[in-house]
Chemist: 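Can you keep this structure in mind? I'll have questions shortly.
Scope of the values below: all heavy atoms of this structure, side chains included, with no hydrogens, waters or symmetry mates.
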Amino acid sequence: MPHKIIDLSHTVEDGMITYKGLPAPIICDFLSREDSREHYTGGTEFYIGKIEMVANTGTYVDSPFHRYADGIDLSELPLEALADLPGIVVRATNVGQAVTADAFRGLNVKDQAVLVHTGWASHWGTEQYFEGHTFLTSDAAAYLVEAGASFVGIDSYNIDDINDGSRPVHSQLLRANIPICEHMCNLENLPDNGFRFHAAPVKVKAFGTFPVRAYAILGL
């Protein structure tokens, strides 16, 4: 069958809110097409845009440096941990707000990009997105580390319970050098397995998090 690419990322737009309390991105002109014309000839024009944003904007990947001062940063994450990974989707749309280790038992997650489909992405762009989201529990994170998952993503507001200030899921996965992707979407369009996953952020030194264009390739 021909290859099919499924986009798993939200669009970053001027003024959008990803996480309550963090500023929205500001997207504007640095050099407009009109102003650029004076630099070129024959009607030639270019556009140079400018964006000001916090790292946690849109669909993004966390590196260990996001949580730990001694953790590897975005520039140190190997591409092998971010691109061309075998993927598995774990369906967690009917398990309640807290996704425990039981959701992963019996599944082969070793060396897999484990994408947790909660259905919460359907609330993106609404006030509901920020309240009562689905999250993983500490025992789920411990299980994924022990079982050898290579990457963990979720289509929810936060992979942790935001009422737990210790952030046990971030803490355990990132300490084990397992990248995390949050605010994903379209996981309902993926099969349970048999696809390749990609989510490589910009290679920024001394930075812990950055938006990605996450996607899956089916039919390989």
Side-chain angles (χ1 to χ4, degrees), residues 5-30 47-68 71-85 87 89 113-126 129-130 133-136 149-160 162 167 169-170 173-174 177-190 195-217:
I5 300 177
I6 305 295
D7 192 343
L8 306 175
S9 306
H10 290 292
T11 300
V12 174
E13 300 178 89
D14 181 72
M16 60 172 270
I17 298 294
T18 299
Y19 198 92
K20 274 290 183 73
L22 296 180
I26 300 171
I27 302 173
C28 57
D29 297 346
F30 175 78
Y47 173 74
I48 299 177
K50 178 181 178 181
I51 183 168
E52 178 182 323
M53 67 180 185
V54 295
N56 296 55
T57 296
T59 303
Y60 52 77
V61 160
D62 291 335
S63 70
F65 185 75
H66 176 54
R67 171 67 178 81
Y68 298 105
I72 59 175
D73 64 24
L74 293 172
S75 71
E76 296 165 324
L77 278 174
L79 278 175
E80 292 80 4
L82 302 163
D84 199 27
L85 300 170
V89 176
V114 180
L115 309 182
V116 183
H117 173 214
T118 71
W120 201 254
S122 65
H123 300 301
W124 178 260
T126 73
Y129 191 73
F130 309 118
H133 73 285
T134 307
F135 57 85
L136 301 191
S150 59
F151 187 106
V152 181
I154 193 168
D155 61 344
S156 185
Y157 183 55
N158 198 303
I159 202 167
D160 265 300
I162 61 172
R167 296 295 196 270
V169 181
H170 279 86
L173 295 180
L174 295 178
N177 287 334
I178 300 173
I180 296 168
C181 188
E182 294 171 305
H183 308 284
M184 303 184 74
C185 61
N186 297 328
L187 295 184
E188 67 274 12
N189 295 325
L190 294 182
F195 59 89
R196 308 296 291 191
F197 176 72
H198 303 257
V202 176
K203 191 177 180 181
V204 187
K205 186 66 180 173
F207 224 57
T209 300
F210 206 82
V212 294
R213 185 73 178 264
Y215 61 94
I217 302 180

Chemist: Working note: F151 + L85, criterion side chain to side chain contact (heavy atoms under 4.5 Å, CB included); need CA distance, chi angles, decisive distance, verdict.
Modeler: CA-CA 9 Å; F151 187 106; L85 300 170; 3.8 Å; yes

Chemist: Of all the heavy-atom pairs spanning A149 and I178, show the shortest one and how long it is.
Modeler: O-CD1, 3.4 Å

Chemist: Roughly how far, to the nearest 0.5 Å, is NE2 of H123 from OH of Y157?
Modeler: 13.5 Å

Chemist: Quick check: do V89 and F195 have side-chain heavy atoms less than 4.5 Å from each other?
Modeler: yes

Chemist: Would you give the length of the straight line joining atom OG1 of T118 to atom CG of L187, rounded to the nearest 0.5 angstrom?
Modeler: 8.0 Å

Chemist: If you take all heavy atoms of M184 and G153, which pair is closest and at what distance?
Modeler: SD-CA, 3.7 Å

Chemist: For the backbone of D84 and the side chain of R196, can you confirm whether one donor and one acceptor N or O come within less than 3.5 Å of each other?
Modeler: yes

Chemist: Nearest 0.5 angstrom please: T18 OG1 to F130 CZ, how far?
Modeler: 7.5 Å

Chemist: Would you indicate whether the side-chain heavy atoms of K203 and F210 approach each other to under 4.5 Å?
Modeler: no

Chemist: Could you tell me which non-hydrogen atom of A113 sits nearest to which non-hydrogen atom of F197, and how far apart they are?
Modeler: CB-CD2, 3.7 Å

Chemist: Applying side chain to side chain contact (heavy atoms under 4.5 Å, CB included) to L173 and D62, what does each step give before you reach the verdict?
Modeler: CA-CA 10 Å; L173 295 180; D62 291 335; over 6 Å; no

Chemist: Going by ring pair (Phe, Tyr, Trp, His ring centres under 6.0 Å), name the residues that satisfy it together with Y68, two or more places apart in sequence or in a different chain.
Modeler: none

Chemist: Measuring from atom NE2 of H117 to atom CG of L8, what distance do you get when rounded to the nearest 0.5 angstrom?
Modeler: 11.0 Å

Chemist: Is any side-chain heavy atom of E188 less than 4.5 Å from a side-chain heavy atom of S122?
Modeler: no

Chemist: State, to 0.1 Å, how close V12 and G58 come at their nearest heavy-atom pair, and which atoms those are.
Modeler: CG2-CA, 4.2 Å

Chemist: Keeping the roles fixed (side chain from E182, backbone from N158), state whether a donor-acceptor pair exists under 3.5 Å.
Modeler: no

Chemist: Is there a side-chain contact between I26 and D14 in this structure, where contact means two heavy atoms from C-beta onward sitting under 4.5 Å apart?
Modeler: yes

Chemist: Quick one: sort the W124 and H10 rings into parallel, tilted or perpendicular, breaks at 30° and 60°.
Modeler: parallel

Chemist: Is there a side chain to side chain contact (heavy atoms under 4.5 Å, CB included) between C185 and D155 once you walk through the steps?
Modeler: CA-CA 5 Å; C185 61; D155 61 344; 5.6 Å; no

Chemist: Could you measure the distance from the CD1 atom of I51 to the CZ atom of F30? Nearest 0.5 Å is fine.
Modeler: 15.0 Å

Chemist: Check whether any side-chain heavy atom of V152 lies under 4.5 Å from a side-chain heavy atom of V169, and answer yes or no.
Modeler: no

Chemist: Just by modelled atom types, is the H183 backbone N or O under 3.5 Å from a matching donor or acceptor in the T59 side chain?
Modeler: yes

Chemist: Taking all heavy atoms of A55 and all of P211, pick out the closest pair and write down the distance.
Modeler: O-CD, 3.5 Å

Chemist: Could you work out, with ring pair (Phe, Tyr, Trp, His ring centres under 6.0 Å) as the rule, every residue matching H198, not counting sequence neighbours?
Modeler: Y215

Chemist: As an exercise, state the distance from CG of L174 to CD1 of I159, rounded to the nearest 0.5 Å.
Modeler: 8.5 Å

Chemist: Do any side-chain atoms of residues 73-83 form donor-acceptor pairs under 3.5 angstrom with protein atoms, and if so which ones, sequence neighbours left out?
Modeler:
residue: D73; atom: OD1; partner: S75; partner atom: N; Å: 2.9
residue: D73; atom: OD1; partner: S75; partner atom: OG; Å: 2.6
residue: D73; atom: OD1; partner: E76; partner atom: N; Å: 3.0
residue: D73; atom: OD2; partner: A206; partner atom: N; Å: 2.8
residue: E76; atom: OE1; partner: D73; partner atom: N; Å: 2.8
residue: E76; atom: OE2; partner: K205; partner atom: NZ; Å: 3.3

Chemist: Hydrogens and angles aside, do S156 and H133 bring a side-chain donor and acceptor to less than 3.5 Å of each other?
Modeler: no

